[in-house]
Amino acid sequence: MPTTVPSADPFSAAPPQLRAALARQGFTSLTAVQRAVLDAESAGRDLRISSQTGSGKTVALGLLLAPSLVTEGAARTAARRPAGPAALLIAPTRELAVQVGAELRWLYADLSGVAVAVVTGGTDPVRERSTLERGPAFVVGTPGRLLDHIRRGALDVSGVAHVVLDEADQMLDMGFREDLDAIVDHLPAERRAHLVSATFPPAVRALAGRFQPNALHVEGTRLGAANEDIAHVAHLVRPTDRYATLVNLLLRSLGQRTLVFVRRRVDATEVAERLTEDGFSAAAFSGELSQVQRTRTLHAFRNGTLQALISTDVAARGIDIPGISSVVHLDLPTDGATYTHRSGRTGRAGQKGLSVLLVPTTEHRRVEQLFARAPFELSWQPPPTAAEVRKAHTKRTRRRLHGLLDASADPQREESGGDVVEATTPGSGDPPLDKHREYAKRLLEERDATEVVAALLALSEPPLPRDPIAIEAVRASGPRERDRRPPRHRGDDGRRRSHQKPRGAPRKGKRFDKKTHASRSQRP
DNA sequence: AAAAAAG
């Protein structure tokens, strides 16, 4: 959230035509990365923008490009050149492209003649084609479809003045390499190229040189700075208890949105199906789904119809869904960067968030290595027990009761809560307690007050979708029984002298690297 | 090593 700065015009650094849009969107000041991008030094340079997720990088970019979009657009209209876009933004997933496009649209709402088009796979190419024919100044898209339009002549990128790679570290990764090169081959040589990413590990920086021989590095929030709103918790569980732990976690946070990450598409589908059978409101999200399904599912998660979304890493980056109270890593992330991106889906816009790692005992050591240099504290805790889950449920019911009582005492007061999934709060209409008041008086005359309240509490506690599951706690550093090797020799005190060989050497480039993330000792 | 991205 932008912090308020007492100033005549908090947006004085922004292009004048965009200030009204910023105010309409509820901005009260520019974020660090936005101010940094608008700094005079940035003029005319290729930028390498690194900043924490959710820090307003897209808007920063929009602010940067707006003036030249207006100028280029006008120049090309005057010259009667074919109306290809002046700016191109390439994103690694379809949903991200859509989201970025939407953000640029509200930002450019007052810029007449500057339209934003989004082109992605999974949608009707003919409709996109006709959108492109209208000559949008800014085109946002995913690599495959962009290239498709370019090759078919539907998209003329010869007039592109700015090309932007969003989530640049991933875009420069192997999988996107070919398409990206092919697109860039069509761009004019004199274009400016901007890379946007949370992190720029050495491997990415090496590749980045091909796009930006002489880039200016712009840092919004300090590289690797931790989001203080996110708590990081690890539960050590037996591999067979992972699903049970997930069930307990979901029961504990019933009524709140949880994003669950798994490794493979098939896992997403299977876990979602199993959760649904267990009475949860859950769905899978992965590249296995049709685009229609993907959009529909994400919408259902956004509007609160779904409590849990079980996703592959397709949703790990950039996706902004308000109100995700926790992220669960059912499968461990492959590396530090993936962990950071996944976790960044919670704790957004100043809200508190929880990131929970389910660590199979077999992976204990690897996880400790992975997080040894993380810029935050990973808190190892026993998984939630069945008793804790039930207690949380009772507490939740009592909180709703207090909400009702407070609302009844003071109707002006906003209902507290934050429960987004279940219809836990009565709809606005008649004051909810009115029709019960007469009977309540009679009941209290006839019965013992404590008994009446206790009975009502019992009645008001909704049934859980399913019973919480007993999970056996695992000792934090104990090797599994079958991993234990016979002691080689014992000392006089009978204790083992030799320890087993560390399993698995640290993997190169997989950890929270000093180059990509600040280490803990560098924390302010 | 998997996922994503073009049908």
Side-chain angles (χ1 to χ4, degrees), chain A residues 88-101 118-129 132 139-155 157 164-186 197 201 203-204 259-272 284-295 297-298 309-319 329-342 345 360 362-363 366-367 370 504-511:
Chain A
L88 192 64
L89 186 146
I90 314 176
T93 67
R94 298 165 180 176
E95 284 75 15
L96 201 53
V98 169
Q99 185 180 295
V100 167
V118 176
V119 298
T120 70
T123 62
D124 181 5
V126 181
R127 271 184 60 180
E128 283 184 354
R129 223 186 146 99
L132 292 174
V139 172
V140 179
T142 45
R145 184 58 67 89
L146 278 171
L147 191 56
D148 201 33
H149 284 307
I150 292 171
R151 285 185 172 150
R152 289 168 196 270
L155 177 59
V157 291
V164 182
L165 302 193
D166 199 7
E167 302 293 344
D169 60 329
Q170 192 184 6
M171 295 303 306
L172 294 172
D173 203 28
M174 280 304 285
F176 288 109
R177 184 71 174 273
E178 260 180 57
D179 283 354
L180 208 57
D181 283 344
I183 294 172
V184 170
D185 281 347
H186 287 86
S197 183
V204 173
L259 179 55
V260 180
F261 283 106
V262 292
R263 203 165 53 97
R264 302 175 307 168
R265 297 157 162 220
V266 55
D267 301 318
T269 309
E270 281 175 14
V271 172
F285 186 74
S286 81
E288 195 173 83
L289 276 60
S290 72
Q291 192 52 39
V292 172
Q293 274 298 329
R294 273 167 75 158
T295 307
T297 301
L298 208 58
L309 192 69
I310 321 304
S311 177
T312 59
D313 282 325
V314 66
R317 286 167 175 262
I319 304 291
H329 310 261
L330 182 63
D331 284 328
L332 294 173
T334 47
D335 52 42
T338 304
Y339 179 80
T340 304
H341 286 292
R342 283 176 170 190
R345 299 315 103 216
T362 49
E363 303 289 329
R366 188 166 82 78
V367 170
L370 180 65
R507 302 171 192 202
K508 201 174 76 183
K510 292 282 182 179
R511 288 179 291 174

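The chains referred to below are lettered A, B, ... by the order of the sequence lines, with proteins before strands, and numbering in each begins at 1.
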Checklist entry - Can you tell me if T123(A) and Q291(A) form a side-chain donor-acceptor pair at under 3.5 Å? => result no
Checklist outcome for this item: Picking from dA6(B), dA4(B), dA2(B), the nucleotide nearest the side-chain atoms of R264(A) would be dA2(B)
Next on the checklist: So, using ring-ring contact (aromatic ring centres under 6.0 Å, His included) as the criterion, who are the partners of F285(A) when residues are at least two apart?
Outcome noted: none
Checklist entry - Quick one: is T142(A) getting a side-chain N or O under 4.0 Å of the dA6(B) phosphate, OP1 or OP2? => result yes
Item to check | Nearest-angstrom distance from the residue atom CD of E288(A) to P of dA5(B) | outcome: 13 Å
Checklist entry - What's the CG-C1' distance between L332(A) and dA2(B), to the nearest Å? => result 14 Å
Checklist entry - What is the distance, rounded to the nearest whole Å, between atom CZ of F261(A) and atom C1' of dA4(B)? => result 14 Å
Checklist entry - How many Å lie between CE on M171(A) and P on dA4(B), as a whole number? => result 15 Å
Item to check | 5' priority, DNA chain B, between G122(A) and D173(A) [closest heavy atom] | outcome: D173(A)
Checklist entry - What is the nucleic acid contact for R152(A), judged by heavy atoms within less than 4.0 Å: base, sugar-phosphate only, or nothing? => result nothing
Next on the checklist: When you measure from the side-chain N and O atoms of R94(A) to the phosphate of dA3(B), is any distance below 4.0 Å, counting only OP1 and OP2?
Outcome noted: no
Checklist entry - Which one, dA4(B), dA1(B), dA6(B), comes nearest to the side chain of T334(A)? => result dA1(B)
Item to check | Distance below 4.0 Å between R265(A) side-chain N/O and dA2(B) OP1 or OP2 | outcome: no
Checklist entry - Where is the tightest heavy-atom contact between L370(A) and P333(A), given as atom of each residue plus distance? => result CD2-O, 4.5 Å
Checklist outcome for this item: From CZ of R294(A) across to P of dA5(B) the rounded distance in Å is 4 Å
Item to check | Nearest listed nucleotide, side chain of R263(A), among dA4(B), dA5(B), dA2(B) | outcome: dA2(B)
Next on the checklist: Quick one, R366(A) and L332(A) - any side-chain contact, counting heavy atoms below 4.5 Å?
Outcome noted: yes
Next on the checklist: Please classify the nucleic acid contact of G287(A) as base, sugar-phosphate, or nothing, using heavy-atom distances under 4.0 Å.
Outcome noted: sugar-phosphate
Item to check | Between dA1(B) (C1') and D335(A) (CG): distance, integer Å | outcome: 11 Å
For residues 175-186 of chain A, run the donor-acceptor check on the side chains, cut-off 3.5 Å, and write out each pair with its distance to 0.1 Å, sequence neighbours left out.
from	atom 1	to	atom 2	distance (Å)
D181(A)	OD1	R210(A)	NH1	3.3
D181(A)	OD1	R210(A)	NH2	3.2
H186(A)	ND1	A182(A)	O	2.8

Next on the checklist: What is the separation between atom CG on D148(A) and atom P on dA4(B), rounded to the nearest whole Å?
Outcome noted: 20 Å
Checklist entry - Expressed in angstrom and rounded to an integer, what is the separation of F285(A) atom CZ from dA3(B) atom C1'? => result 12 Å
